[in-house]
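Here is the structure we will look at, set down as structure tokens.
The chains referred to below are lettered A, B, ... by the order of the sequence lines, with proteins before strands, and numbering in each begins at 1.
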Amino acid sequence: MTPFSTRVLSLVRRIPAGRVATYGDIARLAGHPGAARAVGNVMRNSKWPDVPCHRVIAAGGRLGGYGGRAVLKRALLLAEGVVVSGMRVRELTRVHWTPKTTNK
DNA sequence: GAAATGACAGAGT
DNA sequence: GACTCTGCCATTT
């Protein structure tokens, strides 16, 4: 476990239902801009059930990265009300979560 | 301690 | 507008 992972996990945990955050965003919020890849890496090893990793997507609304995993994420996001088309989030601007748009 | 891997991001074609 | 290539950071081996 590393402080970075804890930070990322905490941020992801703050993501409410129906909202999604990008890896780059999480990385930036974690204090490591550009470490988007590292964020995904942490998620991969993270088995925390409290962390809605399916709400974390790639930039541009792409579900991102890993084969079947992305499909599962798509289904979960759809169930939360997120408009997902194929492999990408449509209303990303609407569902894009930020520490300031927690509820407003 | 160094090299390779990996759920990404951005620019170019 | 979509796909491909390179670059970055942190973690793991």
How does protein reach along nucleotides 3-12 of chain C, written 5' to 3' as B (base within reach of a heavy atom under 4.0 Å), S (only sugar-phosphate), or - (no contact)?
-> S---BBBBS-
If you round to the nearest 0.5 Å, how far is [atom2] of [Y] from [atom1] of [X]?
| X | Y | atom1 | atom2 | answer |
| --- | --- | --- | --- | --- |
| A/I26 | A/R14 | CD1 | CZ | 9.5 Å |
| A/R7 | A/S10 | CZ | OG | 9.0 Å |
| A/M87 | A/R74 | CE | CZ | 7.5 Å |

Would you say A/V20 and A/I15 make side-chain contact, with heavy atoms under 4.5 Å?
-> no
Kindly indicate whether the side chain of A/I57, heavy atoms from C-beta on, has any atom under 4.5 Å from the side chain of A/L92.
-> yes
Whole angstrom is fine here: how far is it from [atom1] in [X] over to [atom2] in [N]?
| X | N | atom1 | atom2 | answer |
| --- | --- | --- | --- | --- |
| A/R55 | B/dA7 | CZ | P | 22 Å |
| A/L9 | B/dA7 | CG | P | 17 Å |
| A/Y23 | B/dC8 | OH | P | 6 Å |
| A/M87 | B/dC8 | CE | P | 11 Å |
| A/I57 | B/dA9 | CD1 | P | 9 Å |
| A/R28 | B/dG10 | CZ | C1' | 13 Å |

Candidate pair A/K73 and A/V84, rule side chain to side chain contact (heavy atoms under 4.5 Å, CB included), full reasoning | CA-CA 10 Å; A/K73 285 166 66 172; A/V84 185; over 6 Å; no
